[in-house]
Amino acid sequence: MANLKEIRNRIASVSSTMQITSAMKMVSAAKLKKAQDAITAMRPYADKLTELLQGLSASLDEDAGSKFSEEREVNKVLLVAITSNRGLCGAFNTNIIKQSTVLADETYAGKQVDIVAIGKKANDILEKKYNIIANHSAVYDDLTFDNVAAIAEELMALFVDGSYDKIEIVYNKFKNAATQIIMTEQFLPIVPVKGEEVTEATDYIYNPSKEEIIEELIPKSLKTQLYKGIRDSFASEHGARMTAMHKATDNATELRDQLKLTYNKARQAAITNEILEIVGGAEALNN
């Protein structure tokens, strides 16, 4: 059994760790509220805009289709892996890295697969195995629509000039503080709505023409889609970190209580031994 000084030092260390994790939990909870409000507010607009443009693309003739909906034989794929810049958020980053690896090694096996990293964690780990053509970790320093739009424009240019035949986004979709859903969304080419959904989605009067609307709004829709993905990931990160720090605080509290119990037992045993030694010494003197 460890001596009393060692146990006291461990109790102090665990208590200090518990204070840190508790503080990190509260910070993440405060940031989560703001991030959750932002993604909740923009999600209906982004989804409706995507639905509208998918319907428009599906209703056009092939010759009149947008350059962003051009279907090509998939030989070169670009994955946009969205993670965080910091850790201590459970399996949040690990899940995205695993999904990106599955896509690169299995889904698109035998094809050229490159990666755009948004977040230091994706860049630091994936660069060991794959070709990272860009790292946009700095976007989290000022997460605005304009900054994300610049990244989206780079992706659109890479698709239009034929550098890549397909671009997909991998990110964590925010559900609640404890649950994040791993999403793989096709960014380019735009996937048109098929079947009965086309009729429903195109039941509008368009002015100007559908073609003009598509050329104007598709870039905006793609920028919004990427911004929504990063915002979802940002909210998920704080939710995952808050949950992880909550569990860490609970574990530290449990460990501290166990150490205190061990300390009290050791202290009681030490006191009992001292009493026995005193009694034994007194008996020896009397004899």
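No experiment lies behind these values; they were computed from the predicted model shown.
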Practice task
Might you work through the salt bridge (Lys or Arg N to Asp or Glu O under 4.0 Å) test for K33 and D37, ending with a clear yes or no?
Solution key: CA-CA 6 Å; K33 181 63 171 66; D37 290 344; 2.8 Å; yes
Practice task
Quick one: do K228 and E185 satisfy salt bridge (Lys or Arg N to Asp or Glu O under 4.0 Å)? Show the steps, please.
Solution key: CA-CA 12 Å; K228 178 178 74 71; E185 286 184 359; 3.8 Å; yes
Exercise for the section: Take T184 and I169 through the side chain to side chain contact (heavy atoms under 4.5 Å, CB included) test and state the conclusion after the steps. Expected result: CA-CA 6 Å; T184 301; I169 305 173; over 6 Å; no
Handout entry: salt bridge (Lys or Arg N to Asp or Glu O under 4.0 Å) between E168 and K166, intermediate numbers included
Key = CA-CA 7 Å; E168 291 196 334; K166 191 174 185 179; 3.5 Å; yes
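Here V74 sits in one hydrophobic cluster together with V77, L79, I96, I97, L103, Y108, V113, I115, I125, L126, Y130, I132, V170, I182; the rule is ILVMFWY side chains under 4.5 Å apart, joined directly or through other members.
Judged purely by distance below 3.5 Å, without hydrogens or angles, the side chains of S137 and N123 never pair a donor atom with an acceptor atom. T21 and T249 share a donor-acceptor pair across their side chains, judged by distance under 3.5 Å alone. Checked by atom type, the side-chain pair T144/N147 shows a donor-acceptor distance below 3.5 Å. No side-chain donor from either of H238 and K31 sits under 3.5 Å from a side-chain acceptor of the other.
Of the possible donor and acceptor atoms, one in the side chain of T243 sits under 3.5 Å from a partner among the backbone N and O of G239. At distances below 3.5 Å, at least one donor-acceptor pair connects side-chain atoms of T40 with backbone N or O atoms of Q36. No donor-acceptor pair closer than 3.5 Å links the side chain of R43 to the backbone N or O of A38. For the pair S15 (side chain) and I11 (backbone), a donor-acceptor distance under 3.5 Å is present. A distance-only check finds a donor-acceptor pair linking the side chain of T262 to the backbone of Q258 [under 3.5 Å]. With hydrogens and angles ignored, the 3.5 Å screen pairs a side-chain donor or acceptor of S28 with a backbone N or O of M24. A donor-acceptor contact shorter than 3.5 Å is absent between the side chain of T94 and the backbone of G90. Under the 3.5 Å distance criterion, the side-chain polar atoms of D232 are matched with a main-chain donor or acceptor of F174. In terms of modelled atom types and a separation under 3.5 Å, the side chain of T224 and the main chain of K220 share a donor-acceptor contact.
In this structure, L49 and S221 approach most closely via the heavy-atom pair CD2-CA, 3.7 Å. Scanning all heavy atoms of the two residues, the minimum distance from L32 to A235 falls at CD1-O, 3.4 Å. Between H136 and A134 the shortest heavy-atom distance is NE2-CB, 3.7 Å. The minimum heavy-atom distance linking E6 with N3 is given by the pair N-OD1, 2.8 Å. Nearest heavy atoms, R231 versus I39: CB-CD1, 3.9 Å. Heavy-atom minimum distance, N75 versus D165: N-OD2, 3.0 Å.
Classification of the F234-Y140 ring pair by plane angle, with boundaries at 30° and 60°, yields parallel.
M242 and V27 fall into different hydrophobic clusters, where Ile, Leu, Val, Met, Phe, Trp and Tyr are joined by side-chain heavy atoms under 4.5 Å apart, directly or via other members.
Look at K76 and D114 and you find no salt bridge, because none of the NZ, NE, NH1 or NH2 atoms lies under 4.0 Å from a carboxylate O.
The number of heavy-atom neighbours closer than 6.0 Å to CZ of R10, taken from other residues, nucleotides and ligands shown, is 12 or below. Under a cut-off of 6.0 angstrom, the local environment of CZ in R72 is crowded, with over 12 non-hydrogen atoms contributed by other residues, nucleotides or ligands. Applying the 6.0 Å contact sphere to NZ of K98 captures no more than 12 heavy atoms from other residues, nucleotides or ligands.
Between K173 and Q180 there is no side-chain heavy-atom pair separated by less than 4.5 Å. For the pair D257/T253, a side-chain contact is recorded, criterion being any heavy-atom separation below 4.5 Å from C-beta on. Under the 4.5 Å side-chain criterion, counting only non-hydrogen atoms from C-beta, I275 is in contact with V279. The shortest distance between side-chain heavy atoms of S236 and Y171 does not fall below 4.5 Å.
In this structure, the ring of F159 has its center no less than 6.0 angstrom from the ring center of Y164.
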